[in-house]
Amino acid sequence: PSSYQEEDKWSILSNDALKALESKLNEDIATLIELSKSSNCDFFMVKEKLYRFEPNHYYKLEKNILQLLDYQIKVECKNHH
């Protein structure tokens, strides 16, 4: 039997394909975050949220907030039936 047959026969993608997709998406998001920091592009609208919810912190950090933050975003892919 193939590895696909050993897995749930109703799965759309094999576990290997899901893991490969997760890896690629996590890599792409990490690249996006680094580009956001290096170009000072507030892709995730951090400054706006900080200004709105923590204005005192915003004024202290507004010039370099993007470089100071460390994002932890993890993509997890699953089959749904």
Side-chain angles (χ1 to χ4, degrees):
S2 73
S3 62
Y4 180 76
Q5 290 173 333
E6 292 170 4
E7 297 164 9
D8 185 352
K9 66 181 179 179
W10 302 108
S11 295
I12 295 169
L13 295 173
S14 68
N15 285 337
D16 290 343
L18 288 172
K19 292 296 178 196
L21 182 58
E22 282 179 6
S23 177
K24 179 62 176 144
L25 289 171
N26 280 305
E27 182 182 306
D28 289 348
I29 288 173
T31 299
L32 177 64
I33 290 169
E34 288 308 310
L35 285 171
S36 175
K37 287 180 174 185
S38 66
S39 65
N40 204 30
C41 173
D42 195 1
F43 183 78
F44 296 103
M45 298 171 41
V46 172
K47 289 181 180 182
E48 179 182 318
K49 291 170 185 151
L50 186 62
Y51 179 78
R52 186 176 205 176
F53 299 109
E54 296 288 339
N56 291 336
H57 293 291
Y58 172 81
Y59 291 111
K60 294 176 191 173
L61 302 170
E62 68 180 309
K63 293 184 179 172
N64 60 354
I65 185 66
L66 298 179
Q67 289 72 32
L68 295 173
L69 289 179
D70 183 26
Y71 297 92
Q72 292 186 351
I73 299 172
K74 181 181 177 200
V75 174
E76 189 173 292
C77 299
K78 296 180 180 180
N79 283 308
H80 291 280
H81 316 269

Set of ring-ring contact (aromatic ring centres under 6.0 Å, His included) partners for F43, sequence neighbours left out: none
Does anything in residues 15-39 form a ring-ring contact (aromatic ring centres under 6.0 Å, His included)? List the pairs, not counting sequence neighbours. none
Once rounded to the nearest 0.5 Å, what's the spacing between atom CG of L68 and atom CG of L61? 6.5 Å
Which residues share a salt bridge (Lys or Arg N to Asp or Glu O under 4.0 Å) with E34, sequence neighbours left out: none
Please list all pairs passing the ring-ring contact (aromatic ring centres under 6.0 Å, His included) test where one or both residues lie in residues 15-37, with sequence neighbours left out. none
How close do Q67 and K37 get, heavy atom to heavy atom, and via which atoms? NE2-O, 2.7 Å
Which pairs, with at least one residue in residues 38-55 and sequence neighbours excluded, count as a side-chain hydrogen bond (donor to acceptor under 3.5 Å, both in side chains)? none
Would you compute the distance between atom CG of N79 and atom CG of L18 and round it to the nearest 0.5 angstrom? 4.5 Å
All salt bridge (Lys or Arg N to Asp or Glu O under 4.0 Å) counterparts of K74, not counting sequence neighbours: none
Which residues pass the side chain to side chain contact (heavy atoms under 4.5 Å, CB included) test with N56, not counting sequence neighbours? none
Between L66 and Y71, does a side-chain contact (heavy atoms from CB on, under 4.5 Å) hold up when you go through it step by step? CA-CA 10 Å; L66 298 179; Y71 297 92; 4.1 Å; yes
My understanding is that only residues two or more places apart in sequence, or in another chain, count here; which of them pass side chain to side chain donor-acceptor pair (under 3.5 Å) with E76? K78
Residues which pass side chain to side chain contact (heavy atoms under 4.5 Å, CB included) with A20, listed by chain and number, not counting sequence neighbours: none
Taking the six-membered ring for Trp and the full ring for Phe, Tyr or His, determine whether the centres of F53 and Y58 are under 6.0 Å apart. no
Under 4.5 Å between side-chain heavy atoms, hopping through other hydrophobics if needed: is there a path connecting L69 to L32? yes
Side-chain donor-acceptor pairs of residues 22-31 under 3.5 Å, sequence neighbours excluded:
from	atom 1	to	atom 2	distance (Å)
E22	OE2	C77	N	2.8
K24	NZ	D28	OD1	2.9
N26	OD1	V75	N	2.8
N26	ND2	E22	O	2.9
N26	ND2	V75	O	3.2
T31	OG1	E27	O	3.1

